[in-house]
Amino acid sequence: METRSETPSQKWELNQQAFDKFLSCLDSDRNRAGEAYEKLRQKLILYFQCRSVTATEEHADEVLNRVIRKLDTGEEIREPATYVFGIARMMLMEVARKQGRQQELPVEIPVAPPQYDEEDELAAQVACLRQCLQKLTPENRELIAQYYREEKRAKINLRQELAKRFGLDMNSLRVRACRIRDQLQACVKKCVQGDKKFV
């Protein structure tokens, strides 16, 4: 018989008690815990964005839900941030398999959480992303910043407004955004690797 801890995540429902338990794991002070949760969520969104994963907010929320579920079903989590990004890496591999892009994942990505500081890696990526954004033209910088805002229906409406503003049809807008994203991704990769000649 399947144990509770083995129940698929989609059958488990997030509840207030489980959420409060996770917040307590982040910080004993409720306000600081809430801030830590939001900070962690934003880092997850950036983590998926830097790896060209779509629906970044949904994936970030799913990672947090999986961690909360693990905690709720009795798993001990000593270092929440490290554990969270261990789950995020596993989800990244799931997404890559679904998208047929498994070969693009770095071969050195382990299943278990690594022993280095994930926050340092993300801080470097954020710094590089900001630097690379400054290399874009103001028009392209505005387009890419707006293109990935919002979710669901609001995202569709925003992209329709962007297409009108830039005099493009929806398909041309999508292509242009993808090109800018690919340019940024290549720039960030070179920057993180320490290549000072990145463009």
Side-chain angles (χ1 to χ4, degrees), residues 1-27 33-129 148 151-152 155 178 181-182 184-186 188-193:
M1 181 180 288
E2 193 175 62
T3 64
R4 187 184 175 201
S5 61
E6 294 169 337
T7 304
S9 59
Q10 62 267 25
K11 294 182 181 178
W12 177 85
E13 291 185 6
L14 179 64
N15 57 73
Q16 189 63 49
Q17 184 178 357
F19 185 70
D20 288 345
K21 192 174 181 181
F22 180 63
L23 288 181
S24 297
C25 229
L26 295 176
D27 200 293
E35 291 171 5
Y37 177 86
E38 273 308 312
K39 186 178 178 182
L40 198 53
R41 184 173 180 271
Q42 290 304 315
K43 286 182 178 179
L44 280 169
I45 291 170
L46 178 63
Y47 178 84
F48 287 117
Q49 283 177 343
C50 288
R51 287 153 180 83
S52 301
V53 174
T54 58
T56 54
E57 293 199 17
E58 286 89 340
H59 283 99
D61 289 337
E62 176 60 18
V63 167
L64 290 168
N65 284 347
R66 288 186 187 188
V67 174
I68 293 170
R69 173 179 163 264
K70 290 280 188 183
L71 189 65
D72 189 42
T73 53
E75 188 153 335
E76 186 178 357
I77 299 176
R78 294 175 183 270
E79 296 184 24
T82 301
Y83 192 94
V84 162
F85 283 98
I87 297 293
R89 275 187 293 279
M90 286 188 278
M91 182 175 287
L92 184 64
M93 288 188 280
E94 289 175 24
V95 172
R97 281 194 294 270
K98 288 177 185 176
Q99 295 178 348
R101 295 193 297 111
Q102 183 67 40
Q103 69 279 5
E104 293 183 18
L105 285 174
V107 293
E108 70 272 11
I109 289 183
V111 173
Q115 297 305 310
Y116 60 86
D117 191 341
E118 189 77 45
E119 291 198 9
D120 287 347
E121 181 192 351
L122 284 169
Q125 289 174 349
V126 171
C128 284
L129 179 59
Y148 288 104
E151 293 295 330
K152 299 180 182 177
K155 179 189 286 185
C178 284
R181 186 194 68 194
D182 290 345
L184 275 175
Q185 188 178 4
V188 170
K189 184 177 179 181
K190 288 182 180 180
C191 175
V192 170
Q193 290 173 347

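For the single chain, residues carry numbers from 1 onward in sequence order. Note: hydrogens, waters and symmetry copies are ignored here, and every other heavy atom, side chains too, is used.
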Non-hydrogen side-chain atoms of F48 and E57 separated by less than 4.5 Å
no

Say you draw a straight line from CG of L40 to CZ of F85; how long is it, rounded to the nearest 0.5 Å?
5.5 Å

Kindly write out the residues that satisfy side chain to side chain donor-acceptor pair (under 3.5 Å) with E38, not counting sequence neighbours, or none if the list is empty.
none

Please report the shortest heavy-atom distance between A33 and D27, naming the atom on each side.
CB-O, 3.6 Å

Of the non-hydrogen atoms in V63 and V84, which two are nearest, and what is the gap between them?
CG1-O, 3.5 Å

Trace of the side chain to side chain contact (heavy atoms under 4.5 Å, CB included) decision for F22 with N65:
CA-CA 10 Å; F22 180 63; N65 284 347; over 6 Å; no

Let me see the working for M90 and R66 under side chain to side chain contact (heavy atoms under 4.5 Å, CB included), right down to the final yes or no.
CA-CA 11 Å; M90 286 188 278; R66 288 186 187 188; 5.9 Å; no

Output all residues satisfying salt bridge (charged side-chain N to carboxylate O under 4.0 Å, His left out) with R181, sequence neighbours left out; order by chain, then residue number.
none

So with a 6.0 Å cut-off around CD of E79, is the heavy-atom count from everything else above 12?
no

Nearest 0.5 Å please: distance from the CG atom of L64 over to the CZ atom of R69.
14.5 Å

Atom NE2 in H59, atom CG in L92: separation rounded to 0.5 Å?
9.0 Å

What are the two closest non-hydrogen atoms of C128 and V192, and how far apart are they?
SG-N, 3.6 Å

With D182 via side chain to side chain donor-acceptor pair (under 3.5 Å) - residues at least two apart
none

Quick one: pull up CD in E62 and CG in L44 and give me the separation to the nearest 0.5 Å.
11.5 Å

Minimum heavy-atom distance P80-L26, with the two atoms named
CB-CD2, 3.7 Å

Please evaluate residues F19 and D72 with respect to the criterion side chain to side chain contact (heavy atoms under 4.5 Å, CB included), reporting the C-alpha separation (whole Å), side-chain torsions for both, the decisive distance (0.1 Å), and the verdict.
CA-CA 9 Å; F19 185 70; D72 189 42; over 6 Å; no

Is the closest side-chain heavy-atom distance between I45 and R41 below 4.5 Å?
yes

